[in-house]
Amino acid sequence: MIEVTRHDIVIVGGGAAGLRAAIAACEIDSNASIALVSKVYPMRSHTVSAEGGAAAVARDDDNFEMHGYDTVKGSDFLGDQDVIKYFVEQAPRELTLLEHWGCPWSRNEDGTVATRAFGGMSTKRTWYATDKVGFHMLHALFQHSLRFDNIVRYDEHFATKLLVDGGVVRGVAALDIRSGIVRVVLGRAVIMATGGAGKIFPFTTNGNIKTGDGMALAYRAGVALKDMEFIQYHPTGLPGTGILITEATRGEGGYVINSEGERFLATRDYGVGTKAELGPRDMISRAIIQEIEAGRGISGPYGEYVHLDLRHLGEQKIVARLPMVREISKIYIGVDPVHEPIPIRPVVHYMMGGIDTDITAGTSLPGLYAAGECASASLNGSNRLGSNSLTECLVFGASAGQNAMAFARGSSEGSEQALRREGEEEAARIVALRGKQKGGEKLARIRADLHKAMESGCGVYRSAETMNETARTVAQLKGRYADVALEDSSAVFNTELVAALEMGNMLDVAEAVANSAASRDESRGAHTRRDMPNRDDQNFLYHTLCHFDPAGPRLGKKEVTLGHWEPEERKY
Amino acid sequence: MKHPLLKLEPLIWLLFGQGILLGTILLTPWVLVVGLGVPLGIVPAEALSYERAIALASHIVGRLILLGLIVLPLWKGVHHMRHSFIDFGGAERDALVAPLLYLLATIGSVLALVAVVRI
Amino acid sequence: MSDGQQKKTFVITRFDPDRDDAPRKQAYEIPVHPDWKVLDALNFIKDEIDATLSHRWSCRMAVCGSCGMMVDGEPRLTCKEALDQYGDTVDVAPLANFPVVRDLVIEADGFMEKLTSVKPWIIRAKELAVEEGPMRQSPGELEEFKQFSMCINCMLCYSACPVVANEPEFIGPAAIALGHRYSLDSRDEGAAERNEVFRGEGTVFSCSFANECSEVCPKHVDPAAAVNQAKLNAAIDWATSLVLSRGGSK
Amino acid sequence: MSRNAHPHAMAPSKPGRTRTAPPQLPDRFPFGGRYLAYTLFDLTGILYLLLGLLVLCAVWSLGSGEASWNAVLERHRNIFYLGFHAIALAGLIFVGIRFFGFFPKAQPPRVGPLKPPPKGAILVGLYALWIGVTVCLSIVLAGGVFQ
Ligand SMILES: Cc1cc2nc3c(=O)[nH]c(=O)nc-3n(C[C@H](O)[C@H](O)[C@H](O)COP(=O)(O)OP(=O)(O)OC[C@H]3O[C@@H](n4cnc5c(N)ncnc54)[C@H](O)[C@@H]3O)c2cc1C
Ligand code: SF4
Ligand code: F3S
Ligand code: FES
């Protein structure tokens, strides 16, 4: 049994990118019907957990050229330069809009918006609202979106399939988690804004919902996933839980120290130069691993770590600028940063790669747009600079909304009959999976094995051998997944069913990550190989594309758009 | 349950609030002296002799204080009783009970006015 | 670590509308880790013992607001509450005062409606253009509403408030706090509109200042303060509108 | 087990999409844990109502002449009246302490251009007022002044 509804456009995802897209669409046409499908209530989206800030040129001593250069250099020159230029120019406008919509940005004494330093940024250009930036941005966006009654929300609906008819995207099939019904939500354009996929790794800052669903849906619908090998490790995660301690701690002047109390980023040569703690994430993560390998880590119940020391900032500054860091440290690791250094180690944080999009947020599939972490517009290249991604969600969320609306106007509705049939097939698949007793595999086992494989093959340091091994394991896991047995046959709020669907998506994303990684025979940005430590612009200054094929992924290449900044050695 | 009283809710709440605030402040000395001190003989009975009571009460300040001493606690009383009634599961009957309680307080308030004028 | 093998029993309220007439209790005895939060235990049960257990969670860092439940009778964020503060038996139930969808999952749509009803967005007589740039707001002006903007919509306050339990129309602590937050924002001009809402069907005056909402709020929003401030503002607004409409009636 | 809350508590305006179990009140309500103080606080409503009515009676009698006033004074010596006033005093102090504690935070940071004094100052002011008025009025009533 399915239910069919029609809208002008369908947005999948209620995080910063999805909400921004919805609002952008409303601004164009306040009568258009906009479906917002999200597997959690929008304000629960993982944007909520972003802490440090959002970057945009704001100060007199800053300009677009500098923001652009920092970004392209951070990307290890794999960022598309037209995209970067567009992004930095739109950024101030987008953050200003958010200010108009009520986001409680922290302020300078004169009432202007305050900015802070961030890793890899050459000046203070990160707007912040203490250290709960994502939370405040998401709630401001969500609350602002509530004023438009033409946004029709499908809360707690899990999109499982892109519906394509005549080569054009016409909507999605979505499981209503609450009732178990499958809805066919039709629109003349679809925007994917489903966020990242950190959950394919065991140790991540990402929440439970970040399972790469949108990437997998697009991938299976024939759109390439781009640059999937680039997984950002954030240097400062709490051992055990992986909860993030924001980079703003370093922006505000925190030190990273080893077991000997040494500020190794400043004293040793890790490529970050005088930036020390304000270097980019990939370099600092590698430095921490090297310190640990050199025996200068501290060992604890959850493995080796180093320290993030904020004590010299003083209680007043910590309370005023970093209240959440203090709260989190106290609750989740039992440390008060005012008096003790915080244990930290690199943790999987962000996917530079994603659905292959261009400067318009469009994809190779007509009618399909993507924005936010699930997309790869090639802003971030091989390494994202902290605080660029929240802004990215806004900039490309807005263009996705605008361009999808424009596309929808010129597009027909597609054959309802065909789409209904597709929806029914999807519903049948889901019903068959629900409480499927036959099978010898347990979901939790598959997840554990996936985690192990991804960590060993796609960690901070990689090698041909481990990556290929991981790619093989993932392929096996896909086979085991087909044999999974489930226990819960209830139609209502069946979270086991949702987890099983998510597992299918994670395996597809993991497949793309492992295979893309194995194909890049160089070290660049977050992709660091022990066996090939150097960057190779001659052969590898291109984007990796990974295409879905039931027989196994097919890899391809895409040009990097250069033209403004010449690639050079990345040294700070 | 929507009832016409909703419109007057701000007024009721203001009276109620003052009942807690000023009512408590004014009632404390009253209970201490009139309710306990004099009857227990701690305070000499002459303090509340008819003549003295009349003299104090007929002053304009005296009249105002007495008015406050009656009206404010009445409103605090009925409003809280309404809350209690709802808390103990009477929400369905609120549309009936609330007007009755507020009527009681209104009648009491009118009588209070008469009483202080008539001294 | 896990060698000590401390065990605890979790008595969990279960309800499957497909099968159960009414909620029932089910006990699980599991080994627990000293560092665990309550949520870790639930996830262990789901992964290892009973995959049919349903509960909401995501961020596991006390910011997404999805994991609220009654733990030993008190509304708590399960990802924030350390297990070691509880005894050998821990009772976990869905949030009080909400209809129960399944197991530990409650109906949140009613809350979403209340949240929307207070117009939680910046209202201005004339919308600003982006070109005008960010508005100015002093740190002092920010301070006036900052605390009330910290709400994560976890709804714990709703399950503690006796008025919410008994008066279905009551807008309730978090939503009123949110509306009040916008009215206090120096960039907003919509206070009068919201006061209208506050005096309407789910009137703020229903709140009996139980203060339970603030007691249980994991984010120190102090919604009781917001609700009671909103009362005063709504009352003042009512009084002035009374005077004005009498004086200004043409 | 706890009692059911109002059947429509926190229900959406349109009926939910699946069958739900009815909302329950928190286990401890109304007399357990912190709820006890709240419930008692509300129940002091009865005390205040009775006190208001007693004062009304007294004032009315005062206006009716000496005899009825003296009857009032006489009545107050009755053990029930004394007991009631003792309980009432406890109730007043309880209400005062609980409410004055909450009062400062119930003041908006701004009403138009007006800002209230700092919270600490409000609290000190309230207690000063309470004690001050109690002492002064008690002295007046007890015949300390205006003889
Ligand atoms: C801990 C942490 C801190 C961070 N700090 C910063 C920072 O300081 N600065 C910065 O710039 N960036 C930061 N980031 C990165 C940034 O927050 C994210 O990249 C960004 O929030 C992603 O937003 P999004 O809208 O793309 O996705 P999300 O916010 O993850 O939202 C995804 C949405 O898609 C929905 N969805 C997913 N799958 C489905 C499906 N199958 N069906 C229906 N709906 C679905 C979800 O319900 C959700 O609404 C941080 C990230 C983390 C994890
Ligand atoms: S006010 Fe506090 S308890 Fe209530 S929803 Fe918000 S954060 Fe949760
Ligand atoms: S608990 Fe409820 S009664 Fe008022 S003070 Fe909070 S809203
Ligand atoms: S899981 Fe997000 S608040 Fe607990």
Side-chain angles (χ1 to χ4, degrees), chain B residues 1-28 64 67-68 71-106 108-110, chain C residues 96-97 99 110 114 117 158-173 176 180 183 191-192 194-213 224-246:
Chain B
M1 220 90 334
K2 190 173 179 140
H3 48 72
L5 274 175
L6 217 58
K7 285 240 173 321
L8 289 174
E9 204 113 25
L11 178 67
I12 295 168
W13 175 75
L14 284 169
L15 284 167
F16 159 78
Q18 288 316 305
I20 301 191
L21 191 72
L22 279 180
T24 303
I25 289 174
L26 291 176
L27 279 172
T28 311
L64 282 176
L67 189 66
V71 173
L72 298 178
L74 283 184
W75 286 95
K76 138 76 174 131
V78 294
H79 193 64
H80 257 166
M81 285 166 71
R82 178 180 166 210
H83 278 317
S84 296
F85 183 74
I86 293 172
D87 284 345
F88 285 101
E92 293 299 329
R93 296 273 138 72
D94 183 50
L96 184 74
V97 171
L100 281 179
L101 284 170
Y102 294 136
L103 185 68
L104 176 67
T106 311
S109 302
V110 173
Chain C
N97 296 345
K114 290 182 194 289
S117 74
Y158 282 75
S159 67
C161 172
V163 178
V164 167
N166 292 305
E167 294 184 58
E169 290 85 7
F170 180 44
I171 307 170
I176 296 172
H180 187 57
S183 292
R194 280 183 216 103
N195 281 330
E196 201 105 336
V197 177
F198 286 164
R199 296 201 311 269
E201 183 80 2
T203 167
V204 290
F205 299 106
S206 292
C207 156
S208 54
F209 218 155
N211 201 48
E212 281 300 309
C213 50
V227 175
N228 286 282
Q229 294 178 12
K231 283 182 198 166
L232 186 62
N233 282 342
I236 292 173
D237 223 42
W238 171 80
T240 48
S241 74
L242 213 63
V243 173
L244 286 183
S245 70
R246 202 167 293 156

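Just so you know, these numbers use all the heavy atoms, side chains as well, and skip hydrogens, waters and symmetry mates. So that the names make sense, note that chain A is the first sequence line, chain B the second, and so on, each numbered from 1.
- Heavy-atom distances place no part of C:Ile236 under 4.5 Å from chain B, backbone and side chain included.
- Residues C:Phe198 and C:His180 place their aromatic rings such that the two centres sit no closer than 6.0 Å.
- Under 3.5 Å, the side chains of C:Thr203 and B:Glu9 contain no donor-acceptor pair of N or O atoms.
- Residue B:Ile12 does not touch chain C at all, counting heavy-atom pairs closer than 4.5 Å.
- For the pair C:Phe170/C:Ile176, a side-chain contact is recorded, criterion being any heavy-atom separation below 4.5 Å from C-beta on.
- For an aromatic pair to be called close, the ring centres must be under 6.0 Å apart, and B:Trp13 with C:Phe205 satisfies this.
- Contacts between B:Ile86 and chain C at a heavy-atom distance below 4.5 Å involve backbone atoms as well as side-chain atoms.
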